[in-house]
Amino acid sequence: MNYQDCIREIPDFPKKGILFKDITPIFKNPEAFHNLIEDLYNKVKELDFDYIAGIEARGFLVGVPLALKMNKGFIPIRKKGKLPGEVIRAEYELEYGSNTLEMHKDAFEPGSKILIIDDLLATGGTVSASIEMIENLNGQVAGLAFILELTFLNGRERLSKFPVISLIKD
Ligand SMILES: O=P(O)(O)OC[C@H]1O[C@H](OP(=O)(O)OP(=O)(O)O)[C@H](O)[C@@H]1O
Ligand SMILES: Nc1ncnc2[nH]cnc12
């Protein structure tokens, strides 16, 4: 089964007016899940990076299997209050609200090259907060990869400094 056919749309979630793209059916179908990770792998394999950073929660679903396949370390970027060590934080706005993300200050060695992974690019607020934290910790952002890009929200425009990969544009 193609992962492209496993994304369903749920209107008015989590707020009225938002058309929510639900990726959960991909992970229920091993063939679709496999195809997804294979496609992502083929798109990012030319990039030069040391670690994959995944954004909680849906970024973990794709970041962890990809990191394992590519023999790279995985770094979690989490919502506030979840990481136990010393953290750096960044506040941000997204398509349907605002929040705070955190990373461990010692998550990677200064100068490391990091590929950021998330499931979906909407306004780009979430990934921009992640870039800000990585750069403040003296990391180099090697690229940004997503399953799905909502092009009408123009998130890509604020990310023009970096290679941006998305498997599906909507
Ligand atoms: O480009 P943006 O407008 O910032 O939106 C994209 C973000 O929104 C969703 O996360 P959400 O905060 O809903 O969290 P979840 O992954 O924990 O469900 C999605 O997984 C991205 O991280
Ligand atoms: N429309 C949407 N569907 C799923 N996740 C999202 N994150 C931000 N906007 C979203």
Side-chain angles (χ1 to χ4, degrees), residues 2-29 32-33 36-37 39-40 43-44 49 51-68 74-84 87-104 107 114-137 139 141-170:
N2 290 327
Y3 61 88
Q4 293 90 337
D5 300 326
C6 294
I7 299 173
R8 60 180 181 174
E9 297 186 335
I10 314 243
D12 299 323
F13 181 89
K15 286 186 175 164
K16 201 159 176 44
I18 300 290
L19 184 61
F20 192 85
K21 306 282 187 174
D22 179 26
I23 59 165
T24 58
I26 297 176
F27 304 96
K28 191 174 117 193
N29 183 303
F33 192 3
L36 168 67
I37 299 304
D39 269 12
L40 261 179
K43 295 268 188 182
V44 306
F49 59 93
Y51 294 104
I52 290 181
I55 307 177
E56 184 182 357
R58 288 175 262 155
F60 292 1
L61 295 172
V62 274
V64 167
L66 187 64
L68 200 57
F74 179 82
I75 298 169
I77 296 175
R78 297 211 61 180
K79 306 279 171 26
K80 67 170 178 287
K82 301 290 185 183
L83 289 170
V87 294
I88 182 168
R89 60 176 62 100
E91 290 174 12
Y92 64 99
E93 311 267 330
L94 71 159
E95 193 189 4
Y96 37 68
S98 59
N99 213 331
T100 304
L101 286 176
E102 294 181 344
M103 282 182 85
H104 274 143
I114 297 176
L115 172 68
I116 303 179
I117 303 269
D118 205 352
D119 66 320
L120 184 141
L121 173 62
T123 64
T126 306
V127 75
S128 296
S130 304
I131 294 167
E132 183 186 318
M133 288 188 291
I134 289 170
E135 289 188 336
N136 283 337
L137 293 172
V141 175
L144 315 167
F146 307 88
I147 306 172
L148 184 57
E149 175 178 356
L150 302 184
T151 52
F152 72 98
L153 289 168
N154 301 318
R156 190 179 273 266
E157 278 175 16
R158 59 199 282 197
L159 307 172
S160 57
K161 267 171 64 188
F162 308 99
V164 180
I165 289 161
S166 62
L167 299 180
I168 308 167
K169 292 184 175 57
D170 204 355

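Read the numbers this way: they start at 1 and go in the same order the structure lists the ligands and their atoms. In this chain, residues are counted from 1 in sequence order.
- The aromatic ring centroids of Phe13 and Tyr96 lie 6.0 Å or more from each other.
- Set against the non-hydrogen atoms of Thr123, the atoms of ligand 1 under 4.0 Å away are 1 (O), 2 (P), 3 (O), 4 (O).
- Atom 3 (N) of ligand 2 has Lys21 N, 2.9 Å as its closest protein atom, hydrogens excluded (heavy atom only).
- Atoms of ligand 2 found under 4.0 Å from any heavy atom of Leu120, numbered from 1 in the order shown, are 3 (N), 4 (C), 5 (N), 6 (C), 7 (N), 8 (C), 9 (N), 10 (C).
- Close contacts between ligand 2 and Ala122 involve ligand atoms 8 (C), 9 (N) [criterion: under 4.0 Å to a heavy atom].
- An N or O contact shorter than 3.5 Å links Gly124 to ligand 1 by distance.
- Residue Tyr92 forms a side-chain contact (heavy atoms from CB on, under 4.5 Å) with just one option from Leu101, Val127, Thr100, and that option is Leu101.
- For the pair Glu9 (side chain) and Leu19 (backbone), a donor-acceptor distance under 3.5 Å is absent.
- Looking at Asp22, its side chain does come within 3.5 Å of a backbone N or O of Thr24 through a donor-acceptor pair.
- Scanning the protein for heavy atoms near atom 13 (O) of ligand 1, the closest one is Tyr96 OH, 2.5 Å.
- With respect to atom 4 (O) of ligand 1, the closest heavy atom belonging to the protein is Thr126 OG1, 2.5 Å.
- Enclosure of atom CD in Glu135 by more than 12 non-hydrogen atoms of other residues, nucleotides or ligands within 6.0 angstrom is indicated.
- Interface atoms of ligand 1 facing Ala57, defined by a heavy-atom separation under 4.0 Å, are 15 (P), 16 (O), 17 (O).
- Atom numbering of ligand 1 starts at 1 in the shown order; those under 4.0 Å from a heavy atom of Glu56 are 16 (O), 17 (O).
- Using a distance-only test at 3.5 Å, with no hydrogens or angles considered, no donor-acceptor pair links the side chain of Lys21 to the main chain of Ile7.
- Of the candidates Ile55, Asp118, Leu94, Ile147, the one placing a heavy atom closest to atom 8 (O) of ligand 1 is Leu94.
- For atom 9 (C) of ligand 1, the nearest protein heavy atom (residue, atom name, distance) is Arg58 NH2, 3.2 Å.
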Exercise. Stepwise, does the side chain to side chain contact (heavy atoms under 4.5 Å, CB included) test hold for Leu36 with Val62?
Worked result: CA-CA 8 Å; Leu36 168 67; Val62 274; 3.5 Å; yes

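- For atom 5 (O) of ligand 1, the nearest protein heavy atom (residue, atom name, distance) is Ala122 CB, 3.6 Å.
- At least one N/O-N/O distance between Glu95 and ligand 2 falls below 3.5 Å.
- Checking only distances, Lys79 does come within under 3.5 Å of ligand 1, N or O to N or O.
- Contact check for Leu159 versus Leu121: side-chain heavy atoms found under the 4.5 Å cut-off.
- Panel note: side chain Asn29, backbone Ala32; a donor-acceptor pair is recorded below 3.5 Å.
- No donor-acceptor pair under 3.5 Å is formed between the side chain of Glu93 and the backbone N or O of Gly125.
- With Asp12 contributing its side chain and Gly17 its backbone, the two residues share a donor-acceptor pair below 3.5 Å.
- Residue Leu19 has at least one nitrogen or oxygen atom sitting less than 3.5 Å from a nitrogen or oxygen atom of ligand 2, judged on distance alone.
- Counting atoms of ligand 1 from 1 in the listed order, those under 4.0 Å from a heavy atom of Asp119 are 19 (C), 20 (O), 21 (C).
- Shown in contact with Leu150 at under 4.0 Å from a heavy atom are these atoms of ligand 2, numbered in order with element: 1 (N).
- The single protein non-hydrogen atom nearest to atom 7 (N) of ligand 2 is Tyr96 OH, 3.1 Å, given as residue, atom name and distance.
- Interface atoms of ligand 1 facing Leu120, defined by a heavy-atom separation under 4.0 Å, are 6 (C), 21 (C).
- In terms of polar-atom proximity, Glu95 is counted as a contact of ligand 1, with an N or O under 3.5 Å from an N or O of the ligand.
- Near Arg58, the atoms of ligand 2 lying under 4.0 angstrom from a non-hydrogen atom of the residue are 4 (C), 5 (N).
- Of the possible polar contacts, none joining the Thr123 side chain to the Gly155 backbone as a donor-acceptor pair under 3.5 Å is found.
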Problem set entry | side chain to side chain contact (heavy atoms under 4.5 Å, CB included) between Phe33 and Leu61, intermediate numbers included | CA-CA 10 Å; Phe33 192 3; Leu61 295 172; 5.9 Å; no

